[in-house]
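Below you'll find the structure, written out as structure tokens, and then a few comments.
Below, each value reflects all heavy atoms present in this structure, side chains not excepted, and no hydrogens, waters or symmetry copies.
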Protein chains: 2
Amino acid sequence: MTLSNPNYVFRALADPTRRAIFEELTRRGEQTVHALTRYAGVSQPAVSKHLTVLKRARLVRHRRDGRETHYQAQSDALAPMINWLDNYGAFWRERFDRLEDLLQRMDHE
Amino acid sequence: MTLSNPNYVFRALADPTRRAIFEELTRRGEQTVHALTRYAGVSQPAVSKHLTVLKRARLVRHRRDGRETHYQAQSDALAPMINWLDNYGAFWRERFDRLEDLLQRMDHE
DNA sequence: GAGAACCATAACCAAACGGTTATGGTTTGT
DNA sequence: ACAAACCATAACCGTTTGGTTATGGTTCTC
């Protein structure tokens with residue numbers, strides 16, 4: 001897996017419409033530009049441009065099929081952001097604490 | 001802990017200079033605007049404006065001391081971003097895989 | 001008390017951004 | 001073969017962004 005420039009990832013996800021598109025692709029899986037346009041509440045060209053930005057960050061992949069273009073989320077492209085977050089202790093500690101809690105509660109059931 | 005608007009957090013960290021400032025504050029701890037300016041490679045007003053954006057996202061706090069203003073990173077303000085990332089499986093899977101690897105290697109030593 | 005240091009804000013500017021409408025190229029359906 | 005559907009790109013536009021220099025308010029230092 002080739003990591004994309006972290007800057008592209010951070011910038012791509014800074015816009016709420018783009019995050020919404022990415023979330024939608026993750027939730028409902030692969031979708032055409034048409035379907036995403038209905039969802040996103042902006043014009044089709046706007047969606048196409050957002051998809052270009054997401055593509056640059058490798059957060060989506062596309063597959064042409066006739067006149068349709070199907071896009072799908074590529075969530076492992078979040079790696080640069082996750083790696084960056086790894087520098088911030090609270091992150092891991094919080095997660096492990098929660099995990100520990102969970103395991104304890106499971107023991108006592 | 002009051003969570004700040006996720007949008008502010010994402011936008012604040014979308015800029016590389018701002019990320020650098022935040023990283024520097026995390027690494028080296030509390031610092032004055034002056035020190036950050038020497039580090040950041042842009043003018044002092046530019047740094048002040050970046051700090052304002054980081055403040056809006058609650059990623060930094062400041063403390064006045066005479067003519068100096070000391071800023072410090074508030075890394076638990078990353079929570080909104082981390083929560084958002086929690087929706088993306090690859091994240092956890094990757095981490096647990098790595099953890100599993102580590103534990104296995106520890107067993108065999 | 002004068003001058004220097006530190007910082008925030010104002011005023012300004014070019015470039016990037018997020019949106020629009022217009023257009024044209026493929027592909028599909030009839 | 002024509003019309004419609006799907007999508008990307010172009011052209012355009014107002015706003016935001018990230019930087020600058022200029023300025024002024026506090027607070028130190030001498």
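Summarising the geometry, the separation between CG on A/Leu51 and C1' on C/dG19 is reported as 15 Å, rounded to the nearest angstrom. Atom CG in A/Asn7 sits roughly 14 Å away from atom P in C/dA16 (whole-Å rounding). The distance between atom CZ of A/Arg64 and atom P of D/dA8, rounded to the nearest whole Å, is 8 Å. Remark: P of C/dT26 and CG of A/Asp65 are 17 Å apart, rounded to the nearest angstrom. In this structure, A/Arg38 atom CZ and D/dC6 atom C1' are separated by 12 Å, rounded to whole Å. Distance, A/Lys49 NZ to D/dT9 C1': 10 Å, rounded to whole Å. At whole-Å resolution of the value, CZ in B/Phe10 and C1' in C/dC17 are 19 Å apart. The distance between atom NE2 of A/His70 and atom P of D/dC6, rounded to the nearest whole Å, is 11 Å.
Of the listed nucleotides (D/dT20, D/dC7, C/dG18), C/dG18 has the atom at the smallest distance from the side chain of B/Arg11. Among the nucleotides D/dA22, C/dG19, C/dC6, the one closest to the side chain of B/His34 is C/dC6. When distances are taken from the side chain of A/Ser48 to each of C/dT9, D/dG18, D/dA8, the shortest belongs to D/dA8. Nearest nucleotide to the side chain of A/Thr69, out of D/dA8, D/dG18, C/dG19: D/dA8. Taking only side-chain atoms of B/Arg67, from C-beta outward, the nucleotide of D/dT29, C/dA8, D/dT20 with the closest atom is D/dT29. The A/Thr17 side chain lies nearest to C/dG19 when the options are D/dT20, D/dC6, C/dG19. The side chain of B/Val33 lies closest to C/dC7 when the candidates are D/dA8, C/dC7, D/dC7. Checking C/dT21, C/dC7, D/dT27 against the side-chain heavy atoms of B/Glu68 singles out C/dC7 as nearest. Across C/dC7, D/dG18, C/dG19, the shortest atom-to-atom separation from the side chain of B/His50 is found for D/dG18.
Regarding contacts with the backbone of D/dT17, every side-chain N or O of B/Arg18 stays at 4.0 angstrom or more from both OP1 and OP2. OP1 and OP2 of C/dC6 both lie 4.0 Å or more from every side-chain N or O belonging to B/Tyr71. Side-chain N/O atoms of B/Ser43 include one lying less than 4.0 angstrom from OP1 or OP2 on D/dT20.
At distances below 3.5 Å, not a single donor-acceptor pair connects side-chain atoms of A/Arg11 with backbone N or O atoms of A/Val53.
At a threshold of 4.5 Å between non-hydrogen side-chain atoms, the residues A/Leu36 and A/Leu51 count as touching. The closest side-chain heavy-atom distance from B/Gln74 to B/Arg58 is not below 4.5 Å. Using a 4.5 Å heavy-atom threshold, the side chains of A/Phe22 and A/Leu78 count as touching.
With rounding to the nearest 0.5 angstrom, the OG1 atom of A/Thr32 is 6.5 Å from the NE2 atom of A/His70. Note that OG1 of B/Thr69 and NE2 of B/His62 are 6.5 Å apart. Values are rounded to the nearest 0.5 Å.
Using a 4.0 Å heavy-atom criterion, one finds that B/Thr52 contacts no nucleic acid atom at all.
Donor-acceptor pairing under 3.5 Å, judged by distance alone, is present between the side chain of A/Gln44 and the base of D/dA8.
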